[in-house]
Amino acid sequence: MGLCLCLGAAQAQPAAQEVDVRQLWQLIDYVAVDYGGAVSQGRVVSEGEYAEMREFTQNAEEQSHALPLSSSQQAIAAAVADLRAAVDRKADGPEVARLAQIANGLLLGAYPIPVAPKVLPDLAHGQKLYAKTCASCHGAAGNADGPGAAALDPKPIAFNDPRRARTRSLMALYQAVSQGVSGTSMPGFAASSEEDRWALAFYVGTLSQDDSMRARGQQLWQTDRSLKALFPDMAAVTMTTEEAAARATSADTARAITAYLRSHPAAIEAGEPSGLALARRRLKESLEALHAGNRVVAAQMALSSYLDGFEPSEPALGARNKSLLTAVEDAMLNYRSAVSAGSPERADAIAKQLDQLFARVESQLSAAAADPATTFLGAMTILLREGVEALLIVIGMIAFLKKAQRPDALRPVHIGWISALILGGATWAVATYLIALSGASREVTEGVGSVFAAAVLLGVGLWMHQKSSAGRWQAYLREKMTTAMSRRSAWALFALSFIAVYREVFETVLFYSALAADGNGGALLAGFAAAALLLALIARVLLRTSARMQVGKFFSITSVLVAILAVILIGKGVAGLQEAGWIGVYPISGPRIEVLGLIPTAETVVAQIIVLIIALGGFGMNILGARKR
């Protein structure tokens with residue numbers, strides 16, 4: 001009965017709760033698919049399969065009582081008990097399938113798990129995997145006549161059997177690959193890559209279909225709009241069986257459309273909404289889940305509304321209307337806070353506000369392209385805004401090392417910021433010509449980079465202040481002039497220089513890509529050149545000023561500046577991780593001053609206060625220690 005495969009590519013195991021839910025879902029689905037082969041018209045036609053159905057429903061009932069606590073747990077257990085009772089009394093196959101679908105619907109509603117692939121399945125790769133690892137048992141064409149089939153008890157499934165194929169979903173095939181099937185020769189391969197398992201499931205799901213069905217399905221998909229409502233997304237393709245589709249349309253149409261979509265999953269993505277349309281859909285789905293009492297799904301859809309729907313528009317909107325971008329970001333954070341608090345009324349009000357903001361965003365982005373003067377100013381201010389922060393950190397490092405008379409230590413600093421610029425250029429090329437960077441990857445990159453830089457800068461600032469307040473900088477310089485730089489310190493200098501510059505280059509790349517879409521290439525380059533010239537002048541002034549400054553005063557002023565930068569960066573870092581969904585959101589009243597990293601949420605403000613307290617406390621201890629000495 002099992003798929004005979006052996007896939008490699010180790011992967012992290014799912015969380016325990018997710019595994020339990022998947023196993024229960026699989027047991028129930030297996031009964032829905034195979035019960036018809038055990039009982040017909042109230043009579044047992046296969047004693048072995050009927051015994052298996054009874055065993056599976058008994059196990060399912062036990063597992064339903066062991067689920068994590070939930071408001072729906074008792075309803076799920078009752079639905080599974082009804083399913084077991086139907087199997088015990090030898091009910092008809094359609095009734096058992098209906099009860100199984102009810103139970104699994106309740107299960108996924110209460111304990112959401114991913115039910116669709118994250119990337120488009122590669123059916124050609126799935127075919128190769130099947131030929132290499134499955135055909136020996138299931139046969140080259142899925143007839144269950146492979147050379148290894150005779151030794152198996154029970155026998156492997158015939159994937160080209162139309163009766164079973166009508167009631168089997170792609171999700172069920174994926175589960176069989178991932179978890180195995182208890183009591184059969186099919187082991188689980190949860191350690192195999194998710195992409196391999198989905199590719200194999202999609203390919204196996206096509207073995208009962210032929211080219212004529214697929215051609216008919218393609219024609220229907222292109223002409224019958226109602227089918228797009230039946231299969232709105234990839235999850236519908238993986239979860240909907242041919243039998244279920246036939247209840248919403250004719251049997252012939254269901255057979256043809258499932259044949260086409262399983263063999264051409266890209267057709268679903270081609271019709272998927274994107275941008276603000278996707279943001280609105282996910283927001284609607286989030287509200288529906290919240291009103292249904294399912295906060296987990298509501299939170300997931302709210303995050304997707306921002307990251308998958310709105311966030312890709314951020315660079316273009318930020319280049320045209322920064323205040324509108326800020327308003328949308330604040331509203332999205334407030335909406336997610338309302339979801340986390342389980343407040344449907346507040347969420348409804350914020351959703352209405354977001355709909356109005358989205359309309360303004362659409363108007364802004366659909367307006368004619370910016371004129372050359374606007375593009376020039378945008379390019380110049382963006383690079384200045386992002387560049388000054390990185391410049392302060394790198395110039396501070398260079399000035400410090402020159403004061404310490406350590407020219408050998410300048411090399412890793414220069415390699416760091418030059419590498420960041422080169423990687424920034426590569427990022428632009430990748431984001432422009434190869435792939436679209438996801439919203440989550442952008443926010444995580446900026447957030448993690450900011451938090452890392454803030455932590456390093458805080459430590460550096462406290463250390464520099466200690467030297468200046470204790471008057472020990474002269475001894476320190478003498479020591480450093482005679483001490484060779486270790487490999488660890490070189491890597492530390494490189495890392496700080498690289499992170500400080502790359503996080504700013506990364507954001508600049510996103511905004512410049514948006515400005516480039518307006519077509520004013522000359523104005524864009526002119527704005528870039530003007531900003532680069534201004535940054536070079538600022539760098540020169542800072543280096544000359546620091547060179548003339550007394551060493552003790554330099555240490556003292558720089559330590560304060562570095563601590564302030566740490567406070568700013570921790571605020572920006574926490575905000576980025578909030579937008580990526582890594583940290584919760586609790587909005588508070590107050591101004592939003594991005595240049596200071598001040599975002600009106602409790603998490604960002606608390607993080608900044610903690611860093612500020614550490615800095616002030618460290619400075620105070622340094623001063624007291626110097627006075628005692």
Side chain to side chain contact (heavy atoms under 4.5 Å, CB included) between T167 and T241, intermediate numbers included: CA-CA 6 Å; T167 57; T241 64; 5.5 Å; no
Please step through salt bridge (Lys or Arg N to Asp or Glu O under 4.0 Å) for the pair R282 and E285, ending with a clear verdict. CA-CA 5 Å; R282 292 289 183 260; E285 293 169 347; 3.1 Å; yes
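Annotation for R336 and A302: closest pair CG-CB, 3.8 Å, computed over non-hydrogen atoms. Nearest heavy atoms, I28 versus A100: CG2-O, 3.4 Å. When all heavy atoms of R592 and P600 are compared, the pair lying nearest together is CB-CD, 3.7 Å.
Taking the side chain as every heavy atom from C-beta outward, R216 and L220 approach each other to under 4.5 Å. Residues D29 and Q175 are not in side-chain contact: their nearest non-hydrogen atoms beyond the backbone lie 4.5 Å or more apart.
Heavy-atom contacts from other residues, nucleotides or ligands closer than 6.0 Å to CD of Q74 number 12 or fewer.
Taken from CG in L170 to OG1 in T240, the straight-line distance is 9.5 Å, to the nearest 0.5 Å. Distance check: T253 OG1 to R255 CZ gives 9.5 Å after rounding to the nearest 0.5 Å. For the atom pair CD of Q63 and CD1 of I76, the computed distance is 12.5 Å after rounding to the nearest 0.5 Å. Summarising the geometry, atom CZ belonging to R247 is positioned 5.5 Å from atom CD belonging to E243; distances are rounded to the nearest 0.5 Å.
Ring-plane geometry between W198 and Y174 is classed as parallel, the angle between the planes falling under 30 degrees on a 0 to 90 degree scale with a further cut at 60.
Judged by distance alone, the side chain of T238 and the main-chain N or O of M171 form no donor-acceptor pair under 3.5 Å. Side-chain atoms of S305 come within 3.5 Å of backbone N or O of A279 as a donor-acceptor pair. For the pair T249 (side chain) and A254 (backbone), a donor-acceptor distance under 3.5 Å is absent.
For the residue pair S286/Y335, the side-chain donor-acceptor check at 3.5 Å is satisfied.
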